[in-house]
Amino acid sequence: MDMYFSKDHEWVKISGTTATVGISEHAAHELGDITFVELPAVGKVVKQFETVAAIESVKAASDIYSPLSGRVTSINETLENAPEVVNESAEESGWICTLEIADPAEVAKLMSKADYDEYLKTL
Amino acid sequence: MDKLQLTPLAEVHRGMKALMAPFGGWEMPIQYEGIIAEHRACREGAALFDICHMGEFIFQGDIVADGLEDVFTFSVASIPIGRSRYGFLLNKNGGIIDDLIVFRLAQERVMIVVNAATAPKDFAVIKERLTGGTLSDITAATGKLDLQGPLSREVMNRFFAPAVAELPYFKFITTQVLGCEAIVSRTGYTGELGYEIFLPSDKVVELWELLLSDSRVKPAGLGARDLLRLEVGYSLYGNDLSEETTPLEAGLEAFVNFGKEFIGKEALLRQKESGPSRVKVSFRVGSRRSPRHDYDINSNGENAGIVTSGAFSPMLGCGIGLGFVRPELAAVGTPLTISHDKVSMEATVCNLPFYTGGSLRS
């Protein structure tokens, strides 16, 4: 499965026409203890790099930007009562939502895992 | 900006990979393992806090004749030796210069414990108001560690004289530890059973390591401390209290003795007569969303006040907050809307403390 990262620290895993979206382990660590995730409504249509969800930690509130354009097809309901799963497993069980991909070519604006790791060193 | 002051534990904190941040002019540990885990350690076990940033002054003299009795909103002369009392230093408008605790060490000797950020001003104001006696700032020479949590008594009993475990709430003793004299007080800022330990600053690292040698004790930072104090509704100076806030507005009239003289009394009496135009409010959010400092409080679509402290409460499983509103909106059960930019959350006015299960008086 192909995995890409955005400069805003979201990740996306692509399987056919479906994209799973979450925040990176780096972002989860920086936020500290996550206390709330505002999940999008299923069916919501989002554009690349626009707000798809929101996340709150003991330290801060921030938006989650969609790495790709698409329509929300499912959400991780576990996070409603257990947002700490994002801290425990940001890039696996802490996924936020899935999208039906609108434009596969948008992947060109994202980074590979290796490029993202390099990018983190510049911050 | 002035260089940040360091506590004797600065190197130790860095070695423990603590997240450090400026607080009140000091570089302080915000968290070690994580704020929620450290909060839980304090609610369920025992948590150790570096509180060396707080200021300590010693007054030596005749409390009444030298004018100390009129400096604070509470009587110092009537504090029994071995007990402490909480209250305020006010400006002439009744605004809070600081909230503080006075420890009665002896007939003619008290220790005044103040907030870090306000310490220099407090010292100047207190000194100016005294007509005699001596006031000395012992902050640099004095270390302070807080051990808080339901297991703190058992831990203290391992390392301190048996009399420490017998201390009732708001009582303290002078005792020996690590070959030096320490003041141990049954007070704290968490809503749990706990102790504040004052000792020479060159012994702080040794005591820190001694207490942490007990596997039940976890280090905790100021992030957890802020969450713990908010859950029990304690005000934080700089957030909930300021020189523009009076004790009446802040719902803390219980710590003002109108039967004695103090600077700010006339202003408070006038405000008592007219009624404050804004009062402290405590509220619970209907979701896990966190209200935060400076978020707006609205009622029926109109701005009604401001949030001064807010957080997600791990004990209650929802957002909680303190703020100021018009008096008619402070009644328990009143619905409020908390908003900031795109964020909006429904809240309901509730009683304090938010969390009532603490071991404070056990």
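All values derive from a computational prediction rather than experimental measurement. Each chain gets a letter, A, B and so on, in the order its sequence line appears, and its residues count up from 1.
Using a 4.5 Å cut-off between heavy atoms, Ile30(B) makes no contact with chain A at all. Contacts of Glu84(A) with chain B are made by side-chain atoms alone, with heavy-atom separations under 4.5 Å and no backbone atom involved. At a 4.5 Å heavy-atom cutoff, Asn87(A) makes no contact with chain B through either its backbone or its side chain. With a 4.5 Å cut-off on non-hydrogen atoms, Ser57(A) touches chain B through its backbone but not through its side chain.
With Phe36(A) as the aromatic partner, Arg289(B) does not meet the cation-pi criteria of under 6.0 angstrom to the ring centre and within 45 degrees of the ring axis.
The aromatic rings of Tyr189(B) and Tyr234(B) lie parallel to each other, their planes meeting at an angle below 30°, with 60° marking the opposite boundary. Note: Phe5(A) and Tyr116(A) have parallel aromatic rings, judged against thresholds of 30 and 60 degrees for the angle between ring planes.
When each of Ile14(A), Val107(A), Val21(A) is tested with Pro67(A) by the rule side chain to side chain contact (heavy atoms under 4.5 Å, CB included), just one qualifies, namely Val21(A).
Chain A forms more heavy-atom pairs under 4.5 Å with one residue of His340(B), Lys342(B), Arg292(B) than with any other, namely Arg292(B).
By the 6.0 Å contact criterion, CD on Glu80(A) is enclosed, its count of non-hydrogen atoms from other residues, nucleotides or ligands being greater than 12.
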